[in-house]
Amino acid sequence: MKKIKKAVLPVAGFGTRFLPATKAIPKEMLPIIDKPLIEYAVEEAVDAGIEEIIFITSHTKVAIENHFDSNFELEEKLDKNNKRQYIPLINPDKFKNIRFTYVRQKSQKGLGDAVAHASHLINDEPFAILLADDLIISDKSCLQQLSEVYYENNTSVIGVNRVEKEKYSKYGVIEPNTVGKNLFIQNIVEKPSPDKAPSDLAVVGRYIFDSIIFDYLEQVKEDKSNEIQLTDAIQLMLQIIRYLHVNIMVISLIVAANLVM
Ligand code: G1P
């Protein structure tokens with residue numbers, strides 16, 4: 001079975017919901033306790049064995065590139081001024097062997113379009129997608145939980161979480177189907193109204209896909225907002241691949257689902 005070595009992190013969004021805080025600072029760089037939001041998702045990916053982080057970014061997100069790059073000047077200053085203890089914080093050991101790759105998304109055309117921008121880097125491999133907006137705290141990380149399902153069953157897998165009715169319209173909501181002890185997706189609806197939602201199981205921004213998803217993304221047409229939705233590609237995929245696994249994530253706390261507390 002192929003190892004999941006790459007993760008795609010779409011970060012090109014404007015962060016409109018957080019204006020004015022996001023006027024000059026990418027929302028992914030807003031601090032949560034002592035680290036920018038994006039670092040939690042990168043750590044989650046690296047802890048789950050990912051070796052390459054592919055950011056789908058835009059011209060306003062240069063701060064993210066700088067954050068994951070070395071800053072020799074600062075390191076030298078810290079060293080000279082006897083503040084060496086800060087060096088591992090700005091240059092964590094766990095990122096030393098990680099390759100950070102950046103692909104510019106030319107226009108804001110939705111999550112599906114963002115993910116499609118990574119197709120030339122994925123080849124014929126499984127890969128993870130992490131939406132950093134969903135900052136999820138759990139003993140075993142969400143991506144680790146999904147990876148275990150992937151390695152056990154050798155299928156794509158999507159993380160879901162039970163949410164209250166009022167939140168259905170913020171998420172992709174699935175119609176589940178149980179076969180034995182496994183949960184599969186029968187259908188998925190993007191941001192349904194409470195009366196149209198097929199269940200209370202919402203996609204939480206953690207996915208593992210086979211590269212076949214790119215074939216379906218190519219077929220997706222723009223929606224009413226001129227966006228290409230990942231959910232629509234999943235729907236197309238379900239017409240062919242019946243057994244797309246679902247994992248109900250074991251979560252202690254969602255700190256910022258879509259950054260709405
Ligand atoms: C995206 C997806 C949605 C998913 C959500 C998780 O929506 O389209 O299916 O449930 O992420 O956060 P967005 O938050 O980008 O509007």
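Just follow the structure's listing: the first ligand is 1, and inside any ligand the first atom is 1. Just so it is clear, the model here is predicted, and its values are computed rather than measured.
Considering both main-chain and side-chain atoms, K170 never comes within under 3.5 Å of ligand 1 through any nitrogen or oxygen pair. By the 3.5 Å distance cut-off applied to N or O atoms, G172 is counted among the residues near ligand 1. Distances between N or O atoms of D134 and those of ligand 1 include at least one value under 3.5 Å. Considering backbone and side-chain atoms alike, L111 places every N or O at 3.5 Å or more from each N or O of ligand 1.
Of all heavy-atom pairs spanning E125 and K2, the tightest one is CA-CD, 4.4 Å.
Between the choices R206, R17, K191, the shortest heavy-atom distance to atom 13 (P) of ligand 1 belongs to K191. Residue E190 holds the heavy atom nearest to atom 8 (O) of ligand 1 of all those in K167, E190, E227.
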Give the table of side-chain donor-acceptor pairs shorter than 3.5 Å for residues 50-57, with sequence neighbours excluded, one pair per line with atom names and distance.
unit_1, atom_1, unit_2, atom_2, d
E51, OE2, K3, NZ, 3.3
E52, OE2, T101, OG1, 2.6

Could you go through residues 192-210 and list every donor-acceptor pair under 3.5 Å that involves a side-chain atom there, pairing it with any protein atom two or more places apart or in another chain?
unit_1, atom_1, unit_2, atom_2, d
S193, OG, D195, OD1, 2.8
S199, OG, I174, O, 2.5
S199, OG, L201, N, 3.0
D200, OD1, R162, NH1, 2.8
R206, NE, E44, OE1, 3.3
R206, NE, E44, OE2, 2.9
R206, NH1, L131, O, 3.1
R206, NH1, D134, O, 3.3
R206, NH2, E44, OE1, 3.0
R206, NH2, D134, O, 2.7

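Interface of Y171 with ligand 1, defined as ligand atoms under 4.0 Å from a residue heavy atom, comprises 6 (C), 10 (O). Counting atoms of ligand 1 from 1 in the listed order, those under 4.0 Å from a heavy atom of T231 are 9 (O).
N161 pairs in a side chain to side chain contact (heavy atoms under 4.5 Å, CB included) with only one of the listed residues (I254, I248, N247), which is I254.
Judged purely by distance below 3.5 Å, without hydrogens or angles, the side chains of E75 and N91 pair a donor atom with an acceptor atom.
Other residues, nucleotides and ligands contribute at most 12 non-hydrogen atoms within 6.0 Å of the CG atom of D139.
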